[in-house]
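So the structure is just underneath, and the comments pick up after that.
All of these numbers come straight from a predicted model, not from anything done at the bench. Naming: A, B, ... by sequence-line order, numbering from 1 per chain.
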Amino acid sequence: GHTYTTMVGILGRARRFDSINKLLEQMVKDGCQPNVVTYNRLIHCYGCANYLKEALNVFNEMQEVGCEPDRVTYCTLIDIHAKAGFIDVAMSMYKRMQVAGLSPDTFTYSVIINCLGKAGNLAAAHWLFCEMVEHGCVPNLVTYNIMIALQAKARNYEMALKLYHDMQNAGFQPDKVTYSIVMEALGHCGYLEEAESVFVEMQQKNWVPDEPVYGLLVDLWGKAGNVEKASEWYQAMLNAGLLPN
RNA sequence: CGCAUCAUGA
């Protein structure tokens, strides 16, 4: 049983779907019933290959043979559908798993929140953020980063900054991504000096700025019409040994 | 019980 499940994982990574199906036949012939993990791996492999319909078929099949989908099954399905842009399917899976008495983990919540936000459904994203807390699922650094980015994109800059502070109160140190999101928000507000001071703070915290961070500053100053500042940051990037994209 | 899903700035 274990060996078969392991093989399904290996073949899945190699995208050998025909071999997988043969293996499953063999497995059943040997009297080994595929278990939840076998199915979960199968669903994940189909999802990665963008065969979402097949993934859903596996989901239905496993229930027909009396194998109850678990938390990972739902998380995987939500994950692959959200990433492929099928938020409606992801959301209905979310509802289904709640009916089954399960709730997503922090990763899965983050994926859904991010996708809802990207689709412009900020209200739903925020609602889900609240719901995950109610379910006792603790937001982590990435979850906060996502929420800050969404608020910033919706131009709710004060809300973004509030979350930025909430995050620190919750005991999370901002990382490179947080700083870059905050800098972008400040820049779009026209607070370019503030954005630069965030850059300084970031370096004080020993974060090494990467190309996107420098690129952001070049872009912000450029859009503000300050060619000197933009060139300055461009030079700083080159001095840091980074190449423009 | 374990194995299996791993998200954010360009």
Rounded to whole Å, the NE2-C1' distance (H2(A) to rC3(B)) equals 5 Å
Kindly say whether, by distance alone, the side chain of D210(A) makes a donor-acceptor pair under 3.5 Å with the base of rG9(B)?
yes
Residues 25-50 of chain A vs ring pair (Phe, Tyr, Trp, His ring centres under 6.0 Å), sequence neighbours excluded, gives F17(A)-Y46(A)
Separation of rG9(B) atom P from L242(A) atom CG, nearest Å, is 19 Å
- With a non-hydrogen cut-off below 4.0 angstrom, is V36(A) in contact with a base, only sugar-phosphate, or nothing? nothing
All heavy atoms of I113(A) vs all of M132(A), minimum pair found to be CD1-SD, 4.0 Å
Rounded to whole Å, CG of N114(A) lies from P of rA10(B) at a distance of 10 Å
| message | Under 4.0 Å from OP1 or OP2 of rA10(B): is there any side-chain N or O of K176(A) that close? | response | no
Whole-Å distance, L77(A) CG to rA4(B) C1', equals 13 Å
Sorted by number, residues from residues 128-148 of chain A placing a heavy atom under 4.0 Å from RNA chain B are N140(A), V142(A), N145(A), I146(A)
Side chain to side chain contact (heavy atoms under 4.5 Å, CB included) filter on N140(A), not counting sequence neighbours, yields T106(A), V142(A), T143(A), F172(A)
Sorted by chain and residue number, the salt bridge (Lys or Arg N to Asp or Glu O under 4.0 Å) partners of D219(A) (sequence neighbours excluded) come out as K223(A)
Atom CD1 of I112(A) and atom P of rA7(B) are separated, to the nearest Å, by 15 Å
Contact check, residues 55-72 of chain A vs RNA chain B, heavy-atom distance under 4.0 Å, returns D70(A), V72(A)
Residues at least two apart in sequence or cross-chain that pass side-chain hydrogen bond (donor to acceptor under 3.5 Å, both in side chains) with Q151(A), listed by chain then number, are N156(A)
Those residues at least two apart in sequence (or on a different chain) that pass side chain to side chain contact (heavy atoms under 4.5 Å, CB included) with A149(A) are I181(A)
Separation of rA10(B) atom C1' from L217(A) atom CG, nearest Å, is 13 Å
Note to self: At less than 3.5 Å, do the side-chain atoms of D105(A) and the base atoms of rU5(B) form a donor-acceptor pair?
What the structure shows: yes
Picking from rA7(B), rG9(B), rA4(B), the nucleotide nearest the side-chain atoms of S110(A) would be rA7(B)
Mind checking if K118(A) touches a base, just sugar-phosphate, or nothing, with heavy atoms under 4.0 Å? sugar-phosphate
Those residues at least two apart in sequence (or on a different chain) that pass salt bridge (Lys or Arg N to Asp or Glu O under 4.0 Å) with K118(A) are none
Q.
Salt bridge check, K162(A) against E158(A): does any charged N sit closer than 4.0 Å to a carboxylate O?
A. no
Contacts of W221(A) meeting side-chain hydrogen bond (donor to acceptor under 3.5 Å, both in side chains) (sequence neighbours excluded), chain-then-number -> E196(A)
Looking only at rA4(B), rU8(B), rU5(B), the nucleotide nearest the T76(A) side chain is rU5(B)
Nearest heavy-atom contact between Y74(A) and M93(A) is CD2-O, 3.9 Å
Salt bridge (Lys or Arg N to Asp or Glu O under 4.0 Å) filter on D88(A), not counting sequence neighbours, yields none
Those residues at least two apart in sequence (or on a different chain) that pass ring pair (Phe, Tyr, Trp, His ring centres under 6.0 Å) with Y4(A) are none
Residues in residues 179-187 of chain A with a heavy atom under 4.0 Å of RNA chain B, by number, are S180(A), I181(A), E184(A)
H44(A) atom NE2 is separated from rA7(B) atom C1', nearest whole Å, by 12 Å
Atom CG of N35(A) and atom P of rG2(B) are separated, to the nearest Å, by 14 Å
